[in-house]
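For this chain, numbers begin at 1 and follow the sequence in order. Computed from a predicted structure; not experimentally measured.
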Amino acid sequence: MNRREFIASGTISAAMLSVFPSFALTNSTSTSLSNLGKGFEILSSKAKSVSILNLSSEVKTTYESLTSTLDKLGYIYDKNSINALNKSSYLIPLSKQSFLGAETKEIALIIKGNKGSDFYILNEKLSSEFNLLIKNFHDNMKEHEMEINTSDFAFPVEVVKQKTGVESKFVYKNKFNNVIILHNYKSVSKSIIS
């Protein structure tokens, strides 16, 4: 292909992209828990899918606030069910597709606390770090032949704090009262357990 043909084909491609709206290029299929990564795939059998109709009124109210936010932000998610992680936390796998088809994999959590329930959206980097934390813990327990339940360790029962922006942080307590920090600053992500 010579230079003139290359420029002409590029111009035609750009013109076609401007003619077709972005929704024509994106996929509207929601992602599943097992598609979020190996860690979530390991625990997908422990999470129970619950119909939105069967949620308690408190969780349903929080879910409605969450979905209003998700719809405004353009997320794709399952609108019929939610994953119950334990008695106090629920997870919704999220995806968002850009104009050129790149897909992000994120999660939303609903956590019931002493003062009611609230929702939290973990960006792609924190979601990926959460997935890695689950996978590494599971692999370590298997390697050392220990019987600590990965879901009891990984799933939140209480949120301590959340920070979003350039520096993102999600701090929560698990069933064993460990404080787990999922932290991302620029391109560096890490998990801290205390």
Inset, instruction - Take Thr31 and Ile76 through the test side chain to side chain contact (heavy atoms under 4.5 Å, CB included) and record every step on the way to the result. - result: CA-CA 8 Å; Thr31 190; Ile76 300 165; over 6 Å; no
Legend entry - Main-chain N/O of Ser191 paired with Glu129 side-chain donor or acceptor, under 3.5 Å: yes
Inset, instruction - Determine whether Ile134 and Thr150 make a side-chain contact, defined as any pair of heavy atoms from C-beta on separated by less than 4.5 Å. - result: yes
Inset, instruction - Could you tell me the separation between the CG atom of Leu43 and the CG atom of Leu85, rounded to the nearest 0.5 Å? - result: 8.5 Å
Inset, instruction - Search all heavy atoms of Ile52 against all heavy atoms of Lys60 and return the closest pair with its distance. - result: O-CE, 3.4 Å
Legend entry - Same apolar cluster: Val171 and Ile110, side chain cutoff 4.5 Å: no
Inset, instruction - With sequence neighbours excluded, tell me which residues meet salt bridge (charged side-chain N to carboxylate O under 4.0 Å, His left out) with Asp118. - result: none
Inset, instruction - May I ask you to decide if Glu41's main-chain N or O and Ser44's side chain share a donor-acceptor pair within less than 3.5 Å? - result: yes
Legend entry - same_hphob_cluster(Ile107, Tyr90) at 4.5 Å side-chain heavy-atom cutoff: no
Inset, instruction - Scan side-chain atoms only and decide if Asn86 and Ser89 contain a donor-acceptor pair under the 3.5 Å cut-off. - result: yes
Legend entry - Side chain to side chain, Val50 and Asn83, heavy atoms closer than 4.5 Å: no
Legend entry - CE on Met141 to CE on Met146, rounded to 0.5 Å: 5.0 Å
Inset, instruction - Test side-chain hydrogen bond (donor to acceptor under 3.5 Å, both in side chains) on Ser32 and Asn35 and set out the steps. - result: CA-CA 5 Å; Ser32 68; Asn35 289 339; 3.2 Å; yes
Inset, instruction - Please tell me if the side chains of Ile121 and Leu70 come closer than 4.5 Å, counting only heavy atoms from C-beta onward. - result: yes
Legend entry - Asp152 bridged to Lys46 by N-O distance under 4.0 Å: no
Legend entry - Same cluster (ILVMFWY, side-chain, under 4.5 Å), Leu91 and Leu133: yes
Legend entry - Interatomic distance, Lys38 atom NZ to Asp139 atom CG [nearest 0.5 angstrom]: 8.5 Å
Legend entry - Any pair counted as side-chain hydrogen bond (donor to acceptor under 3.5 Å, both in side chains), so long as it reaches residues 159-174, sequence neighbours left out: Asn123-Ser168, Lys163-Glu167, Glu167-His183, Asn174-Asn178
Legend entry - Test side-chain hydrogen bond (donor to acceptor under 3.5 Å, both in side chains) applied to Thr104 and Glu124, step by step: CA-CA 6 Å; Thr104 65; Glu124 188 169 31; 5.1 Å; no
Inset, instruction - Could you check Leu109, Ile180, Ile181 and say which one makes a side chain to side chain contact (heavy atoms under 4.5 Å, CB included) with Phe170? - result: Leu109
Inset, instruction - Kindly work out whether a path of hydrophobic side-chain contacts (I/L/V/M/F/W/Y, heavy atoms less than 4.5 Å apart) joins Leu122 to Val188. - result: no
Inset, instruction - With the side chain counted from C-beta on, respond yes when Lys96 and Leu73 share a heavy-atom pair under 4.5 Å apart, and no when they do not. - result: yes
Inset, instruction - With side chain to side chain contact (heavy atoms under 4.5 Å, CB included) as the test, would you mind laying out the steps for Tyr75 and Ser95 before giving the verdict? - result: CA-CA 6 Å; Tyr75 283 103; Ser95 63; over 6 Å; no
Inset, instruction - Would you check if the distance from the ring center of Phe40 to the ring center of Phe130 is below 6.0 Å? - result: yes
Inset, instruction - Look at the aromatic rings of Phe137 and Phe153 and report parallel, tilted or perpendicular, splitting at 30° and 60°. - result: parallel
Legend entry - Distance (rounded to the nearest 0.5 Å) between Asn54 CG and Ile82 CD1: 12.0 Å
Legend entry - Which atom of Lys125 lies closest to which atom of Ser187, heavy atoms considered: NZ-CA, 4.2 Å
Legend entry - From CA spacing to verdict: side-chain hydrogen bond (donor to acceptor under 3.5 Å, both in side chains), Thr62, Ser117: CA-CA 7 Å; Thr62 306; Ser117 61; 2.5 Å; yes
Legend entry - Rounded distance [0.5 Å steps], CG in Leu36 versus OG in Ser128: 10.0 Å
Inset, instruction - Treat each ILVMFWY residue as a node, draw an edge where side-chain heavy atoms are under 4.5 Å apart, and state whether Leu126 and Leu33 are in one component. - result: yes
Inset, instruction - Go through the steps to decide whether Asp71 and Lys79 satisfy the test salt bridge (charged side-chain N to carboxylate O under 4.0 Å, His left out), and finish with yes or no. - result: CA-CA 11 Å; Asp71 291 341; Lys79 298 181 191 273; 3.1 Å; yes
Inset, instruction - Starting at NZ of Lys190, measure out to CG of Leu182 and round the result to the nearest 0.5 Å. - result: 12.0 Å
Inset, instruction - Report yes or no: does Thr67 contribute a side-chain atom to a donor-acceptor pair with the main-chain N or O of Tyr63 at less than 3.5 Å? - result: yes
